[in-house]
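Reviewing the structure listed below.
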Amino acid sequence: MLTLKRLAPMFDDLTDKIYEAAFVPELWGDALEAAGSLSGSATGAIFLFSADSPVRGRLSDVSPVHGNSLRSVFDEFVASDGWKFSDAVQRMCSMQPASFVQVEDFLTAEEVERDPVRIQLRAAGIGAHVCSAVAMPSGEFVTFVFQRWMKDGTYDRASVYRLDQLRPHFARAGMVSARLGLERARATVSALETIGLPAAVMTASGRVLTANGLLEEMTEMFLPTAYGGMAIANASANALFQQAILENRNDFAVRSIPVAANESRPALVIHLLPLRRAAHDIFTGADILVAATEVRASAVVPSPILLAGLFDLTPSEARLAAVLSQGRPLKDAASDLKITVKTGRTYLERIFAKTGTSQQSQLVALLKSTEPLNRR
């Protein structure tokens, strides 16, 4: 049996991992896996619950033997509202336990048996659960959940105690992640302002986290709504805008919405771009980047830097997109960039996916519209 003295180096290493994850969201899976090993768990997960956003979460790395089935259950949990019908989830959301508790202690045998999430997990070999919750300054709360294989039985007191020793570190790291994520969102819209692009970062539910000065000045175009939301003044464009926000929860699709010109301003294209980078993590809800560009008859070729910022293109994809925007055939563009045509096609397919286009002519027309707004 491992004593606390022998566990001390493992705790030190694990707390380092937890705080590293606060700065690099991709490391949460590794930190959860290590905490799971220390407590005899099969998996560990973080879930963030909010009144106005879908549930978000991360799962630890899992055994390759059962990984696919567990990952499927996790993905379905965060993608659907099935968790709302789970007695176990609802009980923990209501309690928000300040220390790790065995979930089964707060459920009847009948509730455990009929719970839809538990049914799926039992099919994957998962049995006992422990859970703790941490309230975030934003009003959201995070749950940390660890699970054991059915063959390993319930959690013993020592294993729960080890997780409780880690809980303060999980809580502080989560709060640091939330603060840093918001700062990254602000940096993103500030960078776009320097190249003349009005921009904002929104949650999946449409709440504005931060916006730059250029967008805030466009009061005749972008209108505030209840609960921190945003609408487009043009009715038809706003219908597409709100639909795009709703659809983005499920497919992370790029949307480009045209807005007709009027007496005071030229036509615009409003881009909604999913945040797929490391800045997108469960603690901030920074899910959508909104940016506006003017549509003008112009032969100007957008720069690779601008394209990368607008459409989340890699440097290689952005260089290819910039050449293609000149109307060059793919074969010639690949030759200019000293890449094979096959590689060029691969890049082009990725560009299509990120810009919401399916043909090179559509792509060129869209890229020609990506000009920064004139400062007036």
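All heavy atoms count here, side chains included; hydrogens, waters and symmetry mates do not. Computed from a prediction, not measured in an experiment: that's the story for all the values here.
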Report summary line: Between Ile119 and Glu113 the two heavy atoms that sit nearest each other are CG1-O, 3.6 Å
Query raised in the report: Just by modelled atom types, is the Met230 backbone N or O under 3.5 Å from a matching donor or acceptor in the Thr225 side chain?
Result: yes
Report task. Say whether, by atom type as modelled, one donor and one acceptor occur between the side chain of Ser60 and the main chain of Gly44 under 3.5 angstrom. Result -> yes
**Report entry** From Leu32 atom CG to Ile46 atom CD1, the distance as rounded to the nearest 0.5 Å
**Finding:** 4.5 Å
Query raised in the report: Would you say Ser37's side chain and Glu33's backbone share a donor-acceptor pair under 3.5 angstrom?
Result: yes
Query raised in the report: To the nearest 0.5 Å, what is the distance between CG (Leu330) and OH (Tyr347)?
Result: 12.0 Å
Requested in this report: Check the angle between the aromatic planes of Trp83 and Phe77 and answer parallel, tilted or perpendicular using the 30° and 60° thresholds.
Outcome: tilted
Query raised in the report: How many angstroms lie between atom CG of Leu48 and atom CZ of Arg56, to the nearest 0.5 angstrom?
Result: 5.0 Å
Report task. State yes or no: do Val145 and Val78 share one hydrophobic cluster built from I, L, V, M, F, W and Y residues joined by side-chain heavy-atom distances below 4.5 Å, directly or via other members? Result -> yes
**Report entry** Phe47 and Phe74 aromatic centres sub-6.0 Å
**Finding:** yes
Query raised in the report: Hey, would you say the His129 and Phe146 ring centroids sit under 6.0 Å apart?
Result: no
Query raised in the report: Are Val103 and Val117 linked, directly or through other ILVMFWY residues, by side chains that come within less than 4.5 angstrom of each other?
Result: no
Query raised in the report: So, Arg207 side chain and Met202 main chain: donor-acceptor pair closer than 3.5 Å or not?
Result: no
Requested in this report: Look only at the side chain of Arg167 and the backbone of Ala133, and say whether a donor-acceptor pair between them is shorter than 3.5 Å.
Outcome: yes
Query raised in the report: Under 3.5 Å, is there a donor-acceptor pair between the Thr154 and Asp156 side chains?
Result: no
Query raised in the report: Just by distance, with hydrogens left out, do Thr340 and Thr343 show a side-chain donor and acceptor under 3.5 Å apart?
Result: yes
Query raised in the report: Has the side chain of Glu76 got a donor or acceptor atom that lies under 3.5 Å from a matching backbone atom of Val73?
Result: no
Report summary line: Nearest heavy-atom approach of Val323 to Ala333 is CG1-CB, 3.5 Å
Report task. Measure the spacing between CG of Asp30 and NZ of Lys17 and express it to the nearest 0.5 Å. Result -> 4.0 Å
Report task. Please check if the side chain of Arg328 supplies one atom and the backbone of Asp336 the other of a donor-acceptor pair under 3.5 Å. Result -> no
Query - Spatial distance of atom OG1 (Thr143) from atom CZ (Phe49) [nearest 0.5 Å] - result: 4.5 Å
**Report entry** Glu220, CD atom: more than 12 neighbouring heavy atoms under 6.0 Å
**Finding:** yes
Query raised in the report: Can you tell me if Asp115 and Ser86 form a side-chain donor-acceptor pair at under 3.5 Å?
Result: yes
Report task. Decide whether a cation-pi geometry holds between Arg148 and Tyr155; the criteria are a distance under 6.0 Å from NZ or CZ to the six-membered ring centre and an angle within 45° of the ring axis. Result -> yes
Report task. Evaluate the side-chain contact (heavy atoms from CB on, under 4.5 Å) criterion for residues Ile288 and Thr203: first the C-alpha distance (whole Å), next the side-chain angles of each, then the deciding distance (0.1 Å), finally the verdict. Result -> CA-CA 6 Å; Ile288 305 169; Thr203 68; over 6 Å; no
**Report entry** Step-by-step side-chain contact (heavy atoms from CB on, under 4.5 Å) determination, Ile257 to Leu272
**Finding:** CA-CA 8 Å; Ile257 299 169; Leu272 286 86; 3.7 Å; yes
Query - Verdict with supporting geometry, Arg114 and Asp87, salt bridge (charged side-chain N to carboxylate O under 4.0 Å, His left out) - result: CA-CA 9 Å; Arg114 75 185 183 198; Asp87 290 321; 3.0 Å; yes
**Report entry** Heavy-atom pair with the smallest gap, counting every atom of Ala35 and Leu163
**Finding:** O-CD2, 4.0 Å
Query - hydrophobic_cluster_shared for Ile126 and Val101, side chain cutoff 4.5 Å - result: no
Requested in this report: State plainly whether the residues Glu111 and Arg91 are in salt-bridge range, i.e. N to O under 4.0 Å.
Outcome: yes
**Report entry** Derivation and outcome, side-chain contact (heavy atoms from CB on, under 4.5 Å), residues Val189 and Leu215
**Finding:** CA-CA 10 Å; Val189 298; Leu215 187 136; over 6 Å; no
Query - Sidechain-backbone polar pair: Asn212 side chain, Ala199 backbone, donor-acceptor under 3.5 Å - result: yes
Query raised in the report: Side chains of Tyr19 and Arg172: donor-acceptor distance under 3.5 Å anywhere?
Result: yes
Report summary line: Taking every heavy atom of Ala22 against every heavy atom of Ala173, the minimum-distance pair comes out as CB-O, 3.5 Å
Query raised in the report: Does the side chain of Asn238 pick up a donor-acceptor pair with the side chain of Gln242 at under 3.5 Å?
Result: yes
Query - Nearest-0.5 Å distance that lies between atom OG in Ser316 and atom CG in Leu337 - result: 8.5 Å
Query raised in the report: Any side-chain heavy atom of Leu320 sitting closer than 4.5 Å to one from Ile351?
Result: yes
Report task. Answer with yes or no whether the hydrophobic clustering places Leu14 together with Val130; edges join I, L, V, M, F, W, Y residues whose side-chain heavy atoms lie under 4.5 Å apart. Result -> yes
**Report entry** Side-chain donor-acceptor pair present, Ser41, Ser39, cut-off under 3.5 Å
**Finding:** yes
**Report entry** side-chain contact (heavy atoms from CB on, under 4.5 Å) assessment of Leu121 paired with Leu70
**Finding:** CA-CA 7 Å; Leu121 288 169; Leu70 289 177; 4.2 Å; yes
Requested in this report: Heavy atoms only: give me the nearest Ala45-Leu59 pair and the separation to one decimal.
Outcome: CB-CD1, 4.1 Å
Query - Flag, side chain of Ser325 to backbone of Ala322, donor-acceptor distance under 3.5 Å - result: yes
Report task. Please report the closest heavy-atom contact between Leu197 and Ala292, naming both atoms and the distance. Result -> CD2-O, 3.5 Å
Requested in this report: Determine, using the 4.5 Å side-chain heavy-atom cutoff (strictly less than), whether Val134 and Leu166 are members of one ILVMFWY cluster.
Outcome: yes
Query - Donor-acceptor contact present, side-chain Glu193 to main-chain Thr188, <3.5 Å - result: no
